[in-house]
Amino acid sequence: NETVKEWRLGWAPNTWNYLKSFLKEAGFEEKGIYAAGLSVKKDSGDSYDRFRGRIMFPISDISSQVVGFTGRVFEEVTGEVEMGKYVNTPQTLIYDKGKVLYGLDKAKMDVRKKDRALVVEGNMDVIMSHQAGVKNAVASSGTALTIQHLKILKRYSQNLDLCFDQDLAGETAAKRGINLALTYGLNVGVVSVPTKDPADLVKESPQKWVEASVKSQPIVQFYIDGAFQRHDLKTALGKKNIAMEVLPVIKLIENKVEQAHWLDELSGRLKID
């Protein structure tokens, strides 16, 4: 209950025009409701509520002002074409998902205090992490980390840990963010969890998430270990594939001393000069 209140979780009724009618009665014009991303226009020019039959997560900016929403599907809406598990507010005059990190308004002091930002994948991962006491967690609102996200995070810490779902989508999103973060000179680490995501681990055992959240592995070590698991070191092709996976990551490292360290580590394990 405390979490529900703190994060202002809500509910979108299973109807097509409930919110629009409520807001119009409160004095808002239809064009404003549409501009805020709360309604969707039909080809006929009429509009309907964007969020229906969903659990609602308000998205706040750094000053805790609500700028958008994420709606997680909860029940089938009558007459609904099949929608995704999550629906987000589109780009609006006040909501730019490339600049807003979910939960940063609540996490910023802990990021500074721990000198480490922990980026997880979804709203529930952030909320459950905070509920378990790991309050330096934020999420990138359904998009890969952008340079604007990284600039904001760098104000609070040079250290960035990434914890994404152990599936292909998570890995791809992670790689895009990792490449940008390395190029931008941040110290990037990876936090691995034995379950699908942090929210599941917290449900299983909050203490396990607390312990996992502080055990980050340097990102290049993560890539090296993964490449050596996937390819056969005893063959020329295996060595070539390992180098092709890891060298582009090492190349992104801004600091030449750190870059030399990882080149030495890779060449030593490949047994080449």
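Only this structure's heavy atoms are used, side chains among them; waters, hydrogens and symmetry mates stay out.
Between Asp225 and Arg269 there is a salt bridge, with a side-chain nitrogen of the basic residue lying less than 4.0 Å from a carboxylate oxygen of the acidic one. Between Asp161 and Arg116 there is a salt bridge, since a side-chain N of the basic residue sits under 4.0 Å from a carboxylate O of the acidic one. Ion pair Asp200/Lys203 flagged as a salt bridge, since at least one NZ, NE, NH1 or NH2 atom sits closer than 4.0 Å to an Asp/Glu carboxylate oxygen. With respect to the salt-bridge test (charged N to carboxylate O, under 4.0 angstrom), the residues Lys215 and Glu211 do not qualify.
One hydrophobic cluster, built from ILVMFWY side chains closer than 4.5 Å, cannot hold both Tyr34 and Leu93; they sit in different ones. Placement of Leu153 and Met109 in two distinct hydrophobic clusters is found when ILVMFWY residues are connected by side-chain heavy-atom separations under 4.5 Å, directly or transitively. At a threshold of 4.5 Å between side-chain heavy atoms, the hydrophobic network of Ile, Leu, Val, Met, Phe, Trp and Tyr places Tyr86 and Ile55 in two separate groups. Neither Val214 nor Phe222 shares a network with the other; the hydrophobic side chains, linked directly or stepwise wherever heavy atoms of I, L, V, M, F, W or Y lie under 4.5 Å apart, form separate groups for each. Linking Ile, Leu, Val, Met, Phe, Trp and Tyr whenever their side-chain heavy atoms come within less than 4.5 Å puts Val4 and Phe74 in one cluster.
For the pair Asn17 (side chain) and Ser21 (backbone), a donor-acceptor distance under 3.5 Å is absent. A donor-acceptor contact shorter than 3.5 Å links the side chain of Arg52 to the backbone of Asp49. A donor-acceptor contact shorter than 3.5 Å is absent between the side chain of Ser140 and the backbone of Leu101. Proximity of a side-chain donor or acceptor of Lys99 to a complementary backbone N or O of Gln148 within less than 3.5 Å is not detected. For the pair Asn159 (side chain) and Asp115 (backbone), a donor-acceptor distance under 3.5 Å is present. Using a distance-only test at 3.5 Å, with no hydrogens or angles considered, a donor-acceptor pair links the side chain of Lys154 to the main chain of Tyr184. Side-chain atoms of Asp125 come within 3.5 Å of backbone atoms of Ala199 as a donor-acceptor pair (strictly under, hydrogens ignored). Glu121 contributes no side-chain N or O that, together with a main-chain N or O of Cys163, makes up a donor-acceptor pair within less than 3.5 Å.
Relative to the ring axis of Trp11, Arg54 does not place its NZ or CZ within 45° and under 6.0 Å from the centre. Taking the ring centre of Tyr48 as origin, the terminal cationic atom of Lys42 falls outside the region bounded by 6.0 Å and 45° from the ring axis.
Phe69 is listed as a side-chain neighbour of Phe51, based on a closest heavy-atom distance under 4.5 Å. With a 4.5 Å cut-off on side-chain heavy atoms, Lys20 and Asp46 count as touching. Using a 4.5 Å heavy-atom cutoff, the side chains of Val87 and Thr70 are not in contact. Within the 4.5 Å cutoff, no side-chain heavy atoms of Lys97 are placed close to those of Asn88. No side-chain heavy atom of Leu162 sits less than 4.5 Å from a side-chain heavy atom of Val191.
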Evaluate Gln221 against Glu265 for side-chain contact (heavy atoms from CB on, under 4.5 Å), listing each step before the verdict. CA-CA 9 Å; Gln221 191 71 60; Glu265 168 91 4; 3.5 Å; yes

So Tyr223 and Ile250, side-chain contact (heavy atoms from CB on, under 4.5 Å) or not? Walk me through it. CA-CA 10 Å; Tyr223 273 121; Ile250 295 176; over 6 Å; no

Pair Leu266, Phe228 - check side-chain contact (heavy atoms from CB on, under 4.5 Å), show working. CA-CA 10 Å; Leu266 180 62; Phe228 274 83; 4.1 Å; yes

Given the rule in the side-chain contact (heavy atoms from CB on, under 4.5 Å) test, do Asp197 and Leu201 qualify, once you have shown the distances and angles that lead to the verdict? CA-CA 7 Å; Asp197 53 41; Leu201 187 59; over 6 Å; no

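Taking Asp232 as the reference, Lys234, Thr235 meet the side-chain contact (heavy atoms from CB on, under 4.5 Å) condition, with sequence neighbours excluded.
Close placement of the Trp7 and Tyr102 rings is indicated, their centers lying within 6.0 Å of each other.
Across all non-hydrogen atoms, the minimal contact from Thr89 to Ala36 is CG2-O, 3.7 Å.
A donor and an acceptor atom, one from each side chain of Glu245 and His231, are located under 3.5 Å apart. Residues Ser47 and Glu30 have side chains that bring a donor and an acceptor to within less than 3.5 angstrom of each other.
Distance check: Leu104 CG to Asp61 CG gives 10.0 Å after rounding to the nearest 0.5 Å.
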